[in-house]
Amino acid sequence: MVAFGVIASVIGIAIGLAIDWFPVQGSTQGEKIDTFWDVLIICSVPFFVLVVTVVLFAVRDFRMRPGQENLDGPPIHGNTKLEVVWTAVPAMLLVGLCTYAYIVLDDIEKAPAKGPERVVKVTGEQFTWTFEYNEGGKKFKTAQLYVPNGESVKFDVGSKDVIHDFWVPAWRMKIDAVPGITTTYRITPKRLGNYPVVCAELCGLGHAFMRQTAHVLDKAAFDRWVQQQVQRTAGGGAAAGGAAGGGGQSASADAKALFTTGNSAGATACGGCHTLAEAGTTGAVGPNLDQVLKGKDEAFIRESIVDPKAEIAKGFPDAMPTNYGDALSGPELDALVKYLAEVSK
Ligand code: CUA
């Protein structure tokens, strides 16, 4: 039985460590969390094997055989030594693992030793995330998350309505967004690329659509992006200026890009949810704009973008985010409204 248990434990641990449990590891905090997971596998597999092995051998050797239906088992008065062992060993293991878990948690929550730290304010609402930056005194809001690689960033997480949960699986850390309080965690990204940002708390009809993207850029690209956002927010950006003042072909081309793929802050991309023949989009989460915007004026279209709760199309969920007024610059919003009014006539 011991030989069987040892072999099964070794195989179980090998399988446990070989399985690719998690998405790609994108933060320094993730290293410690993944190691902790491996330690848990190594410690728990032998206990699982012990219990299953004893049950299997007991079934084989002590099962009831024909003719034994009315026999009683031997009288057992317990075994003090055995009881002490099976209480003490799991207790020591639990205390040990709790201590290790506490050390890991304390370590991954610690502020970086030197330098000022970037703080990004994360606000959840039904059904979107908004990210608020303060880069050298310049404040702006975006609908997609951008962070520079290798620099610690602290997230101050809050909610406008119900409980959400801010989670980037590649970074491993995750925390509830609770109305009325600010929760925090910090991560140091260590891998360039784009990773899903998801909501991990059932928050209503649009919960499954509460997905955005975290972009990890190198420092130079991040600085350029910040520059772009500062200009966009000030309304003086080349792109925004072009959309507003260019008129004609270029304005409608830019507005169409806003509609299909969004601006540099990652806002809109309306086509992901809405059908619009002119833009070639086929989203079905929200109403078909060719139908609901027919005959509507620019004021109605503007209100529908900035304050989507004002009038909700019959048969559709109240799922459109309310942060587009913040995420679009004035000229971008003007261009988008003009475009939608023209193509839905
Ligand atoms: Cu927000 Cu689920």
Side-chain angles (χ1 to χ4, degrees), residues 1-63 76-113 150 152-155 157 163 165-176 178 183-191 193 195-202 214:
M1 195 167 90
V2 170
F4 178 88
V6 169
I7 294 168
S9 292
V10 170
I11 294 173
I13 290 172
I15 293 173
L17 295 180
I19 292 176
D20 203 5
W21 298 95
F22 304 119
V24 68
Q25 190 189 77
S27 74
T28 55
Q29 282 76 4
E31 296 164 16
K32 287 156 189 158
I33 292 170
D34 291 1
T35 305
F36 183 54
W37 172 262
D38 289 344
V39 172
L40 286 183
I41 293 266
I42 293 167
C43 292
S44 51
V45 165
F47 281 88
F48 175 77
V49 168
L50 175 70
V51 171
V52 173
T53 305
V54 170
V55 168
L56 287 178
F57 276 77
V59 166
R60 193 193 70 176
D61 297 341
F62 304 116
R63 70 179 184 277
I76 293 173
H77 286 285
N79 183 328
T80 311
K81 212 188 272 172
L82 189 61
E83 285 174 20
V84 168
V85 170
W86 81 39
T87 305
V89 171
M92 285 185 317
L93 187 73
L94 276 181
V95 170
L97 287 176
C98 286
T99 307
Y100 176 32
Y102 176 82
I103 292 169
V104 171
L105 184 66
D106 187 58
D107 190 32
I108 59 183
E109 288 187 336
K110 241 198 316 252
S152 177
V153 50
K154 178 169 172 253
F155 297 107
V157 183
I163 299 177
D165 192 297
F166 175 57
W167 188 27
V168 179
W171 292 341
R172 302 292 188 270
M173 304 291 279
K174 156 174 182 253
I175 202 157
D176 274 4
V178 184
T183 51
T184 66
Y185 67 73
R186 51 169 55 88
I187 59 108
T188 305
K190 63 163 198 179
R191 197 170 181 282
Y195 308 97
V197 177
V198 301
C199 177
E201 181 70 51
L202 185 59

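For this chain, numbers begin at 1 and follow the sequence in order.
The number of heavy atoms from other shown groups lying within 6.0 Å of CZ (F48) does not exceed 12.
With sequence neighbours excluded, no residue forms a side chain to side chain contact (heavy atoms under 4.5 Å, CB included) with S44. Partners of Y185 by side chain to side chain donor-acceptor pair (under 3.5 Å), not counting sequence neighbours: none found. K190 is linked by a salt bridge (Lys or Arg N to Asp or Glu O under 4.0 Å) to E31, counting only residues two or more places apart in sequence or in another chain. By the ring-ring contact (aromatic ring centres under 6.0 Å, His included) test, W86 pairs with no residue at all, sequence neighbours left out. Under the rule for a salt bridge (Lys or Arg N to Asp or Glu O under 4.0 Å), D61 has no partner lying at least two apart in sequence or in another chain. Partners of T99 according to the side chain to side chain contact (heavy atoms under 4.5 Å, CB included) rule, which considers only residues two or more places apart in sequence or in another chain, are V95, I103. Listed by chain and residue number, V39, L40, C43, L93 satisfy the side chain to side chain contact (heavy atoms under 4.5 Å, CB included) test with L97 (two or more places apart in sequence, or in another chain). I41 pairs by the side chain to side chain contact (heavy atoms under 4.5 Å, CB included) definition with L17, W21, W37, V45, not counting sequence neighbours. Annotation: salt bridge (Lys or Arg N to Asp or Glu O under 4.0 Å) contacts of K110 (sequence neighbours excluded): D107. Shown here are the side chain to side chain donor-acceptor pair (under 3.5 Å) partners of S152, two or more places apart in sequence or in another chain: E117. The ring-ring contact (aromatic ring centres under 6.0 Å, His included) check on F47 picks up nothing, with sequence neighbours excluded.
Note on residues 33-42: pairs passing salt bridge (charged side-chain N to carboxylate O under 4.0 Å, His left out), not counting sequence neighbours, are D34-R172.
Summarising the geometry of E201 relative to I163, their closest heavy-atom pair is CG-O, 3.5 Å, with the distance given to 0.1 Å. The minimum heavy-atom distance linking V49 with T53 is given by the pair O-OG1, 2.5 Å. Shown here for V197 and A214, the closest heavy-atom pair between the two residues is CG2-N, 3.5 Å. For the pair A170 and P23, the tightest heavy-atom approach, listed with the atom from each and the gap, is N-CG, 4.3 Å. Closest approach of Q25 and G30 over heavy atoms only: NE2-O, 3.5 Å.
Side-chain contact between M1 and V54 is present, with at least one heavy-atom pair separated by less than 4.5 Å. Using a 4.5 Å cut-off on side-chain heavy atoms (C-beta onward), S9 and L50 make no contact. At a threshold of 4.5 Å between non-hydrogen side-chain atoms, the residues T183 and F166 do not count as touching.
A donor-acceptor contact shorter than 3.5 Å is absent between the side chain of T188 and the backbone of T28. The backbone N or O of A58 sits nowhere less than 3.5 Å from a side-chain atom of R63 that would complete a donor-acceptor pair.
With rounding to the nearest 0.5 angstrom, the OG atom of S27 is 6.5 Å from the CD1 atom of I33. If you take OH on Y195 and CH2 on W171, they are separated by 9.0 Å, rounding to the nearest 0.5 Å.
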